[in-house]
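So the structure is just underneath, and the comments pick up after that.
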Amino acid sequence: LDKGLTAMPVSQNRIEKALDKLFHGIALSVGVAVILTVAVISYGVLAREVFKLSDVWVTDVTTDLMGYMTFVGTATLAWQNRHLKVDVLDHYLKPRARRVLGVISCSIVTCVSLVLLWLTANFWFDAWDSNERSWGMLSIPLWIPYLSLFGGTVLLSFAQIVRLAMLLHERVDVIPESSLSGVVRR
């Protein structure tokens, strides 16, 4: 075992490793979306400025890719503990108080993510039922790009629920010793 790990059931360790791999794969897909966005925007600039071609679809595609990068990427950052956080108070607290504050904080974020999940589910189902279409050139049903919003909040809620469960079962430190490290397992 590593110094940072205590004895834990093998099945739980496998689940964590599987989730790490899942979210790493999702992070890679977000990176591919960034590259695609740059390529589409570059094409749009060249088509419009150099070749005097129409590029009206570029806005539709880049907007959908930005939605994917934002909402799906947020879940990955939450799982990897790389999200923006303010930890000024944590440096002045004893470990037990820091842990209690961390559990409260994670509980609040988990509740917010679950509310967002409920709202985005309603938003997505409304787009599905109404068969509303985008106003752009592609005129695709809006439930398709809204999948990024809904799927991202599903992943975010899942990541937060697992993180909260790990905190409650004392599987992770609330605040890692180094702000550059990810999840610190005991």
Side-chain angles (χ1 to χ4, degrees), residues 1-39 62-91 93 95-121 124 145-186:
L1 291 176
D2 291 338
K3 289 180 183 177
L5 291 174
T6 58
M8 66 180 85
V10 175
S11 63
Q12 288 180 348
N13 195 16
R14 284 184 184 158
I15 291 170
E16 287 179 43
K17 285 182 181 182
L19 291 174
D20 285 342
K21 287 181 182 181
L22 169 71
F23 281 103
H24 179 72
I26 293 170
L28 290 176
S29 76
V30 170
V32 169
V34 170
I35 293 168
L36 285 173
T37 302
V38 170
T62 55
T63 301
D64 296 343
L65 286 169
M66 290 293 283
Y68 179 82
M69 290 183 291
T70 302
F71 295 107
V72 175
T74 298
T76 300
L77 292 175
W79 176 255
Q80 294 173 345
N81 204 25
R82 294 174 49 200
H83 51 83
L84 191 62
K85 58 187 165 215
V86 180
D87 59 356
V88 175
L89 187 59
D90 295 319
H91 296 292
L93 297 174
R96 182 168 169 78
R98 184 173 42 214
R99 178 167 176 67
V100 169
L101 186 63
V103 169
I104 291 169
S105 173
C106 189
S107 298
I108 291 169
V109 173
T110 302
C111 288
V112 169
S113 71
L114 290 171
V115 169
L116 282 173
L117 177 59
W118 179 74
L119 291 170
T120 59
W124 184 83
Y146 290 173
L147 276 174
S148 295
L149 176 62
F150 180 53
T153 54
V154 166
L155 289 169
L156 176 62
S157 297
F158 177 68
Q160 284 303 126
I161 289 168
V162 171
R163 178 167 307 285
L164 182 59
M166 290 169 62
L167 278 172
L168 292 174
H169 290 96
E170 299 186 28
R171 293 287 309 278
V172 294
D173 288 331
V174 176
I175 302 297
E177 292 301 317
S178 166
S179 61
L180 297 177
S181 65
V183 174
V184 176
R185 290 171 175 81
R186 292 189 213 175

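The side-chain heavy atoms of Val100 and Ile104, taken from C-beta on, include a pair separated by under 4.5 Å. Within the 4.5 Å cutoff, the side chain of Arg98 has no heavy atoms near those of the His91 side chain. Within the 4.5 Å cutoff, side-chain heavy atoms of Gln160 are placed close to those of Leu156. You'll find the side chain of Arg99 reaches within 4.5 Å of the side chain of Leu167, heavy atoms only.
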Could you give me the CA-CA distance, side-chain angles and deciding distance for Thr153 and Thr120, then say whether side chain to side chain donor-acceptor pair (under 3.5 Å) is met?
CA-CA 7 Å; Thr153 54; Thr120 59; 2.7 Å; yes

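No donor-acceptor pair under 3.5 Å is formed between the side chain of His24 and the backbone N or O of Asp20.
Residues forming a side-chain hydrogen bond (donor to acceptor under 3.5 Å, both in side chains) with Thr74 (at least two apart in sequence, or on another chain): none. Under the side-chain contact (heavy atoms from CB on, under 4.5 Å) criterion, Leu22 pairs with Leu19, Ile26, not counting sequence neighbours. Applying the side-chain contact (heavy atoms from CB on, under 4.5 Å) rule to Val115 yields the partners Leu119; only residues at least two apart in sequence or on another chain are considered. Partners of Thr76 according to the side-chain hydrogen bond (donor to acceptor under 3.5 Å, both in side chains) rule, which considers only residues two or more places apart in sequence or in another chain, do not exist here.
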Please table the atom pairs, donor to acceptor, closer than 3.5 Å between any side-chain atom in residues 64-71 and protein atoms at least two apart or in another chain.
{"from": "Tyr68", "atom 1": "OH", "to": "Ser29", "atom 2": "OG", "distance (Å)": "2.5"}
{"from": "Thr70", "atom 1": "OG1", "to": "Met66", "atom 2": "O", "distance (Å)": "2.8"}

N/O donor to acceptor pairs below 3.5 angstrom from side-chain atoms of residues 145-152, sequence neighbours left out:
none

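Here SG of Cys111 is found 11.5 Å from CG of Leu116. Values are rounded to the nearest 0.5 Å.
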